[in-house]
Amino acid sequence: MENEKKIQIIRAASKRFARHSLFKTTLDEIARDLRISKASLYYYFESKDQLFYETVRWDGDQFVEEIKSIFNNESLQIFERFSRYFALKDEVQSNHKLLFDLILKAAGDNINEKEIELYKFFLQKEEQIIKLALSPVYAGRIETMNPELPSFVVMTSWGLMFGNKLRNIEPREKSAHTSDMIQKTLQVLFG
């Protein structure tokens, strides 16, 4: 029961933090959204900062679970799994705003220790999934998977996602959509 209440608070906080940021959101607003007292929030979380970081962690965990779901779907060919993975990244700003903001913040200079820790944690989780997904591709081959390949795929996919966001600001007529280009590349690699 206590864990359910904590998740309920995190979900409500997630909506507030995604819409208004850490600094513009108050615990009073979150408590009002839940129709509980502010003191009840302090029972579960020591501070607004702790609630915020646990909310970012929860949002990132949801994203990681979506990635796992894609790569665990054995009814899809490997290039289709990667295609869906890249498409998932294109939707991260709208579906996982707190994680998106964390990744965006990591690209700048204004990031604190706790945010760096969360950023590294999520990249490591994502790399582990990509490594497992790529392992069958290299099974039985003479060449072995470069140990840096999972990291390269993760970082490149984030770069492509942000590049796609920039492209949407100034669209070009002859420019192919990022996920279309990736799918064609994956078909050549895995197809």
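- Here the CG-CD1 distance, from Leu123 to Ile103, works out to 5.0 Å after rounding to the nearest 0.5 Å.
- You'll find the ring centres of Tyr85 and Phe71 inside the 6.0 Å limit.
- The pair Lys105-Asp101 fails the salt-bridge criterion, with no side-chain N (NZ, NE, NH1 or NH2) lying under 4.0 Å from an Asp/Glu carboxylate O.
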Trace of the salt bridge (charged side-chain N to carboxylate O under 4.0 Å, His left out) decision for Glu2 with Lys5: CA-CA 5 Å; Glu2 247 185 62; Lys5 187 66 171 179; over 6 Å; no
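- Two residues are said to be in side-chain contact when any heavy atoms from C-beta on lie closer than 4.5 Å; Leu51 and Glu46 fail this criterion.
- In Arg35, the CZ atom is not crowded: 12 or fewer heavy atoms of neighbouring residues, nucleotides or ligands sit closer than 6.0 Å.
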Criterion side chain to side chain contact (heavy atoms under 4.5 Å, CB included) on Trp58 and Ile7, from CA distance to verdict: CA-CA 9 Å; Trp58 176 81; Ile7 294 297; 4.2 Å; yes
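- Residues Arg57 and Phe122 are in side-chain contact: their nearest non-hydrogen atoms beyond the backbone lie under 4.5 Å apart.
- Note on residues 123-136: pairs passing salt bridge (Lys or Arg N to Asp or Glu O under 4.0 Å), not counting sequence neighbours, are Lys89-Glu126.
- By the side chain to side chain donor-acceptor pair (under 3.5 Å) test, Asn112 pairs with Tyr53, Glu115, sequence neighbours left out.
- Annotation for Arg84: atom CZ does not count as buried by contact number, only 12 or fewer foreign heavy atoms lying within 6.0 Å.
- There is no side-chain donor-acceptor pair under 3.5 Å between Gln62 and Glu66.
- Judged by distance alone, the side chains of Asp49 and Ser47 never bring a donor and an acceptor atom under 3.5 Å apart.
- A donor-acceptor pair under 3.5 Å links the side-chain atoms of Ser157 to the main chain of Val153, judged by distance alone.
- With a 4.5 Å cut-off on side-chain heavy atoms, Phe45 and Ile10 count as touching.
- Gln128 CD: more than 12 foreign heavy atoms inside a 6.0 Å radius.
- In this structure, the separation between CD on Gln124 and NZ on Lys120 is 10.5 Å, given to the nearest 0.5 Å.
- Using a 4.5 Å heavy-atom threshold, the side chains of Phe121 and Ile116 count as separate.
- A donor-acceptor pair under 3.5 Å is formed between the side chain of Lys48 and the backbone N or O of Thr25.
- Taken together through direct or relayed side-chain contacts under 4.5 Å among Ile, Leu, Val, Met, Phe, Trp and Tyr, Leu104 and Leu88 form part of one hydrophobic cluster.
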